[in-house]
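Reading through the structure tokens given below for one structure.
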Amino acid sequence: MLGTRYNNEIEEKWQDYWQEHQTYQFTEHEGKPYYTIDTPPPFTSGELHMGHVLSYSYFDFAARYKRMRGYNVYYPQGWDTQGFPTEVRVEKKYGRLPPAEFRQRCVEWTEKMIESMKDAMVKMGFSPDWNYQYRTMDPSYHEKVQFSLIEMYKKDMIYRGKHPVYWCPKCGSALAKTDTDDVERDTFLNYIYFTDEEGIKYEIATTRPELMPACVAVIYYPGDERYKHLEGKQIITALGKKVPVFSDKDVLKDFGTGLLMVCTFGDKQDVIWVNRHNLPVIEVIDKYGRMKNTLDFDGLKLREAKEKILALFEENGKLVKKEKLSQVVKVHDRCKTPIELMTSMQWFANVKENALKIKENAKKIKWIPEFGINYLNDWADSVEWDWVISRQRVFGTPIPFYYCEKCGKIEPAKKLPFYPEKAEEKSCSCGEKMTPESSTCDCWVDSSITPLIVSGWPDKEKMKNLYPATLRPQGVEIIRTWAFYTIYRSYALTGDIPFREVLLNGNVLAPDGKKMSKSIGNVISPKDLLKQYPTDAIRQWAAMSGAMAKDRPFSYEDLKYSKSFLTKVWNASRFIEMNKGEIKKRKLRKVDQWILQETNNTIKEVTDFLERYEFHHAIRKLQSFFWSDFCDDYLEYVKYRIYEGSEEEKADVRYVLFKVLENFIKLMAPITPHLSEELWSVLFEKKESINLCSWPIVEEEYEVDMGIEFMRRIIKQVRQYKAANQLPQNAQLQFLEVFLEDSVDEELQQEIKRIAKLERIELKKGEFQVNCTQ
RNA sequence: GAGCCCGUGGUCUAGUGGUUAAGACGUCAGCCUUACACGCUGAAUAUCCCCAGUUCAAAUCUGGGCGGGCUCACCA
């Protein structure tokens, strides 16, 4: 028996049941096609946010739907564990520790985070096979990542080199472009004068006077009248150093004074000029953001150096003026420290020369929606440098190589997984001892092989059915990272595409349309929602959340509606349950055929929508079919038969009610698995999970009498009349006069009489009109 | 500055050549109707951002403009 209310306890009961019975276990059935999902491994922050709920719901719908369609659905779940935020939190808790011990603490901490996230995912009703979990921090995962790097090294795709890289002075680590954010801030543009050999003063403008010790040239726009006489001459900087003056087309004439100093690694434009004009390199910043090679300012932090150097120029009158300037600076996305460009020894992967190949492979993949591929192409076109894959961190996958400091020779590690602190000693052919690399991998190195990991790479036999993966669900914002790198790495390691379809999701914004952020305090968490709404309501919200790859504000309205829809289905089911009895199909009436055919149409449409991952269309169709066609109309049409009909009539109605409900809850099962499961087990007394049943198909088509439409219109008119005259809908009416262009047969006339509660009905030819008499 | 996406009742969305422009929330009126008042029956509310063009026909296609979002680039 169904209880009075649908609630979270029912859902938890089924969540336990599915776990216990391993309902979603991946077992390979002969002859069934494979459907493999390369699920995003969430970063193990410990919290599942609304973005996760949205995107994970999407592929959970897909997984459940495909299972019912008879696929071998392989749906593993991974965890992206190694990252900066974890190090920060562990360090905060335990302080600085030796690497091995520190890493151990990180692992313990992460395990707790995984536990809480997994719990949240189970509560959302997600259906991965938990037997197939992977964690990027596991030695077995390290081994695969390291093996992949060695394979790529053998193909000359990985190299060690000295190159300017983005550098976070706070973290003391190289960064990839993707680890950076832009932040707008106010600063000062300082006008400082230099003098030429004749002692004439020229002002330059700079926001970074502390880099002046690294000034190697002064440049202006070609042909600038103010400065062209300086071409080829020397100028003396405010620190008394002689540097050359020349012109370059990238100088903005109207910015500052039109004259600028080029400093080594002040920013990316400086790097370009240094390379273009073959200027000497002076390193003035060390890896922790302190000055060096400057004599007077060595050891000072950048900010201190800036203050001190400005004070000096002010004192000796070289600082002419300061102007307020708002500028955009690149900061490290994790710690928000402004980043520097620095030359250092790092490991690189050759994405630049493979940009075209990556684009070619991306083209072989189906992008949903199609425009998603633009993000990748744009990114591929703008790649300027190779991918810096090394990071100077502890909690990460060690880069599995030795190098010789003397001759630069590189040797891949033989024993994997490789950990530098436990590495065997190795000597170089030049006689020197080789150094095991202590840097770790960028976390995208870990996550860019997920489709390989889940398919059992490099074991070709295992991969046969599981690679390439069928579906890669992911966010739009990580196309340039996760999708881009995965396509690159898969091409490098297998020559193939990693997956056949990419399903792109957008972000969930706060209800006010802004980004959810802790500082604004507009964050909505699934945990809180679950206190007031059933899981299946939240899942329905996800399904309703509009088209793919589009940001959408979170909508309590949709969520509330979803919850009332569950209640509606529940109550309708209770009504059906109440009238249980013999089910026998004898003679279906026209209204019965109509709703059965509507059910058929719903099956067809919903199936089409799900095939195209158009979940919002699927759920809308299901909602309007059930609520308005089935409940508001059909149930009202048959109540008189249920209450007053003969046993035979009742049996007929029951046949229809159960048929429609059965199909409906199956169609709903991917989106609302708990509700469907409960109704399935109680009303249909089935032992097997509905989530393993086969997908509904159209068993029998029904010809729907044209008169049904007239009948529905007439009933609507009567309802309107009753509403206008403040009558309850069950009020009895004396007489109904209907003008109709067409005729309606005896059966439908009887229906109208019974459904609308009329004593007498009279049909006349004419323009459609309905006249009631009380 | 560049690329992409978008602009539809008060709000959020659906609709991509012919619909009475659909739905939810909200608003208003009525109905405690033997599943459901977390309900039911109705009603009101839209120059489909603007301008021009293509077409028998444009919310839908093309061009231009205005506005918003995302991504990238950029100011020494």
Side-chain angles (χ1 to χ4, degrees), chain A residues 2 4-6 177-178 182 187 189-190 204-209 211 215 218-219 250-252 254-263 266-270 273 325-330 369-379 381-384 476-477 479-480 506-507 509 511 513 515 544-547 549-579 614 616-617 619-621 623-624 627-628 631-632 635-636 639 642-643 715-731 757:
Chain A
L2 296 177
T4 44
R5 287 263 186 278
Y6 178 70
K177 195 157 92 169
T178 50
D182 290 342
T187 187
L189 185 61
N190 303 285
I204 60 102
T206 179
T207 55
R208 302 203 60 188
L211 294 178
C215 175
V218 167
I219 60 177
D250 286 339
V251 179
L252 301 174
D254 299 328
F255 190 91
T257 58
L259 197 63
L260 74 95
M261 65 169 186
V262 179
C263 300
D267 69 16
K268 204 174 124 198
Q269 187 59 50
D270 284 287
W273 282 322
L325 180 75
S326 93
Q327 65 170 178
V328 176
V329 289
K330 278 204 186 305
E370 279 174 36
F371 66 77
I373 197 174
N374 293 334
Y375 289 92
L376 184 127
N377 286 335
D378 288 354
W379 183 253
D381 290 339
S382 71
V383 168
E384 285 175 83
V476 181
E477 71 282 1
I479 288 175
R480 65 195 173 113
N507 291 311
L509 306 173
K515 243 185 186 161
M544 287 164 79
S545 285
K550 233 174 123 174
D551 288 355
R552 237 199 91 150
F554 178 79
S555 160
Y556 275 108
E557 288 74 26
D558 285 354
L559 185 60
K560 274 186 207 153
Y561 180 78
S562 302
K563 189 182 171 183
S564 6
F565 186 64
L566 296 175
T567 308
K568 190 73 188 177
V569 175
W570 189 255
N571 284 321
S573 303
R574 288 203 310 151
F575 176 68
I576 293 171
E577 187 187 31
M578 246 180 274
N579 295 292
E614 290 177 4
H616 61 299
H617 286 140
I619 189 68
R620 291 286 179 197
K621 176 66 198 172
Q623 287 166 344
S624 72
W627 201 321
S628 104
C631 293
D632 293 346
L635 290 185
E636 296 304 323
K639 271 184 179 167
I642 291 173
Y643 293 141
I715 288 170
K716 199 172 157 68
Q717 289 290 314
V718 176
R719 282 172 172 175
Q720 217 164 324
Y721 173 83
K722 287 179 179 174
N725 290 277
Q726 311 194 350
L727 295 168
Q729 287 298 322
N730 64 347
K757 302 213 173 200

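Note on naming: letters A, B, ... go to the chains in the order of the sequence lines (proteins, then strands), and numbering restarts at 1 for each one. Every heavy atom of this structure was used, including side-chain atoms; hydrogens, water molecules and symmetry mates were not.
For the pair A:Thr207 and A:Pro553, nearest-nucleotide mapping onto RNA chain B gives the more 5' position to A:Pro553. Mapping A:Gly258 and A:Ser555 onto RNA chain B by nearest heavy atom places A:Ser555 at the nucleotide closer to the 5' end.
Set against B:C36, B:A76, B:U71, the side chain of A:Tyr375 has B:U71 as its closest nucleotide. Taking every side-chain heavy atom of A:Arg719 into account, B:U41 is the closest of B:A24, B:G39, B:U41. Here the nucleotide nearest the side chain of A:Gln720, chosen from B:C25, B:A76, B:A43, is B:A43. Proximity note for A:Phe371 (side chain, C-beta onward) versus B:C72, B:C5, B:A24: the nearest is B:C5. Minimum atom distance to the side chain of A:His617 is reached by B:A14, of the listed B:A73, B:A14, B:C31. Nearest to the side chain of A:Leu260, among B:G23, B:C31, B:A76, sits B:A76. Residue A:Val251 places its side chain closer to B:A76 than to any other of B:C38, B:A76, B:G23. Of all nucleotides listed (B:C36, B:A76, B:C70), B:C36 comes nearest to the side chain of A:Glu636. With distances taken from any side-chain atom of A:Arg480 to the nucleotides B:G15, B:A76, B:U71, the minimum falls on B:U71. Considering only side-chain atoms of A:Lys716, the nucleotide from B:C75, B:C4, B:G42 that sits closest is B:G42.
Distance noted for atom P between B:A46 and B:G9: 10 Å (whole Å). Separating the P atom of B:C4 from that of B:C75 is a span of 24 Å, rounded to the nearest Å. For the C1' atoms, the distance linking B:A57 with B:A21 amounts to 16 Å, nearest Å. The gap from the P atom of B:A24 to that of B:A43 amounts to 13 Å, rounded to the nearest Å. Between the P atoms of B:U16 and B:G65, the separation comes to 27 Å (whole Å). Rounded to a whole angstrom, the distance from the P atom of B:G3 to that of B:U20 is 39 Å. Taking atom P in both B:G67 and B:C56, one finds a spacing of 35 Å when rounded to whole Å. Annotation: B:U55 and B:U13 have their C1' atoms spaced 30 Å apart (nearest Å).
Nucleic acid contact for A:Trp379: sugar-phosphate only, since backbone atoms but no base atoms lie under 4.0 Å from a heavy atom of the residue. Residue A:Leu635 is in base contact, counting any heavy-atom pair closer than 4.0 Å across all strands shown. A:Trp627 comes within 4.0 angstrom of the backbone, heavy atoms only, and of no base. A:Asn725 comes within 4.0 angstrom of nothing in the nucleic acid, heavy atoms only.
Searching all strands for a Watson-Crick or G-U wobble partner of B:A43 with both distances below 3.5 Å returns B:U27. Across all strands shown, B:A52 is found opposite B:U62 as a Watson-Crick or G-U wobble partner, with both distances under 3.5 Å. Figure legend. B:G3 is base-paired to B:C70; pairs are counted as Watson-Crick or G-U wobble with both atom distances under 3.5 Å. The partner of B:A21 cannot be assigned: no Watson-Crick or G-U wobble pair with both contacts below 3.5 Å exists in any strand. Nucleotide B:A57 forms no Watson-Crick or G-U wobble pair with any nucleotide shown, as no partner meets the under 3.5 Å limit on both distances. With both pairing distances under 3.5 Å, B:G9 is matched to nothing as a Watson-Crick or G-U wobble pair.
Nucleotide B:U11 holds its C1' atom 13 Å from the NZ atom of A:Lys560, rounded to whole Å. Distance, A:Glu557 CD to B:C12 C1': 7 Å, rounded to whole Å. When the P atom of B:A37 is taken as reference, atom CD of A:Gln729 falls 17 Å away, rounded to whole Å.
One finds no side-chain N or O of A:Lys550 lying less than 4.0 angstrom from the OP1 or OP2 phosphate oxygen of B:G7.
Side-chain contact between A:Ser573 and A:Val569 is present, with at least one heavy-atom pair separated by less than 4.5 Å. Taking 4.5 Å as the limit, some side-chain heavy atom of A:Cys215 sits within range of a side-chain heavy atom of A:Cys263. Side-chain atoms of A:Leu189 and A:Thr206, non-hydrogen and from C-beta on, never get closer than 4.5 Å to each other. Looking at A:Leu260 and A:Val251, their side chains come closer than 4.5 Å, going by heavy atoms from C-beta outward. The shortest distance between side-chain heavy atoms of A:Glu477 and A:Asn507 falls below 4.5 Å.
Note on A:Lys560 versus A:Glu557: no salt bridge recorded, every NZ/NE/NH1/NH2 to OD/OE distance being 4.0 Å or above. Contact check on A:Lys563 versus A:Asp558 returns no salt bridge, with no Lys/Arg side-chain nitrogen under 4.0 Å from an Asp/Glu carboxylate oxygen.
At a cut-off of 3.5 angstrom, counting only N and O atoms as typed in the model, there is a donor on one side and an acceptor on the other between the side-chain of A:Lys568 and the base of B:C36.
The closest donor-acceptor contact from the side chain of A:Lys568 to the backbone of A:Trp627 lies at 3.5 Å or more, if one exists at all.
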